[in-house]
Amino acid sequence: MAGKTPRHLLFVDVETTGLTYDDRVITLGAVELDIEALQDGADCTNTGHLIFNPGRKSNPFAAAVHGYDDWTLTFQPDFSTHAEEIIGPFERADSVIAHNAAFDERFVRGEFSLCGHTLGPARFDCSMRRYKTKYGRPGGLDKVLAHMGHRGRGKQHGALEDAWLCMQVWLWLHGLPVPEARDDLLHPPSNWVEPEMKPLRNARRVGW
């Protein structure tokens, strides 16, 4: 592989309430990767998966992807609750990588800004753009996975799962060993708060 390979990489993905500049982050998935440990065959990854109350309703198309209803999200913590915890991995990474990185970077920087934190000059890189450069054609994540011989995702998928798949794509593009999927990629976010039972509409009052 040409050029010097950064040692500490952070692969990220966000699921959001929609695509506009007023939309917010619902989940953040991240995989920290130590390249030297990967090449030595040692334990090389550390994962994080968090969910947030976005403070607004989701676009129905976005909700069909992330799978969380608006009622459930009102019980989750705000992004600001975890901002100091989240910003560390971004700032210590040699490179932050996402599939369609411009989207993820815009939302991540926006969330930090809204809660009074400034994400420093973290260098974002895009696995989708690198795929297009190498193969001369655009490639959404599912198309790239198919090219790799992997099955695509279902209609509903999570941020940590996508961050891990982004890592697999980036390593494949660079001719590096590709770790297999882990069992915990589809587990609930680590800060998940169980919502209260949603009130029934038009429930008939009984007794007093």
_Derivation and outcome, side-chain hydrogen bond (donor to acceptor under 3.5 Å, both in side chains), residues T81 and D78_ = CA-CA 6 Å; T81 304; D78 293 337; 5.4 Å; no
*asked:* Between the side chains of D34 and R7, is the shortest nitrogen-to-carboxylate-oxygen separation below 4.0 Å, so that they form an ion pair?
replied: yes
*Is the shortest distance from a Lys or Arg side-chain nitrogen in R56 or D23 to a carboxylate oxygen in the other one below 4.0 Å?*
yes
_Using side-chain heavy atoms (C-beta onward) and a distance below 4.5 Å, is P54 in contact with Y68?_
no
_Minimum heavy-atom distance between K132 and P138, given as atom pair plus value_ = CG-N, 4.1 Å
*So F52 and F79, would you call those rings parallel, tilted or perpendicular, with 30° and 60° as cut-offs?*
tilted
*Mark yes or no for whether D184, through its side chain, and H187, through its backbone, hold a donor-acceptor pair below 3.5 Å.*
no
*Is the shortest heavy-atom distance from the side chain of R106 to the side chain of Y21 under 4.5 Å?*
yes
*With a 4.5 Å limit on heavy-atom distance, are the side chains of D13 and L165 in contact?*
no
*Got a donor-acceptor contact below 3.5 angstrom from the S190 side chain to the H49 backbone?*
yes
*Please assess L114 against R24 for the test side chain to side chain contact (heavy atoms under 4.5 Å, CB included), listing each intermediate value before the final yes or no.*
CA-CA 10 Å; L114 286 171; R24 302 287 300 277; 3.5 Å; yes
*Quick one: name the residues clustered hydrophobically with F75, using the 4.5 Å side-chain heavy-atom rule over I, L, V, M, F, W, Y, and just say none if it's on its own.*
W71, V193
*Is a side-chain donor-acceptor pair under 3.5 Å present for H66 with T27?*
no
_Contact between Y131 and L141 at the side-chain level, heavy atoms closer than 4.5 Å - yes or no?_
no
*Can you find a heavy atom in the side chain of I86 that is under 4.5 Å from one in the side chain of H117?*
no
*Just wondering, do L171 and I35 contact through their side chains at under 4.5 Å, heavy atoms?*
yes
*Keeping the roles fixed (side chain from S58, backbone from P60), state whether a donor-acceptor pair exists under 3.5 Å.*
no
*Can you name the ring-ring contact (aromatic ring centres under 6.0 Å, His included) partners of F107, sequence neighbours left out?*
F103
_Donor-acceptor check, side chain of N191 to backbone of L50, threshold 3.5 angstrom: yes or no?_
no
_Quick check: do P179 and M167 have side-chain heavy atoms less than 4.5 Å from each other?_
yes
*D162 side-chain N/O to A159 backbone N/O, donor-acceptor pair under 3.5 Å*: no
*Pair V108-V25, side chain to side chain contact (heavy atoms under 4.5 Å, CB included): steps then yes or no*: CA-CA 8 Å; V108 168; V25 171; 5.6 Å; no
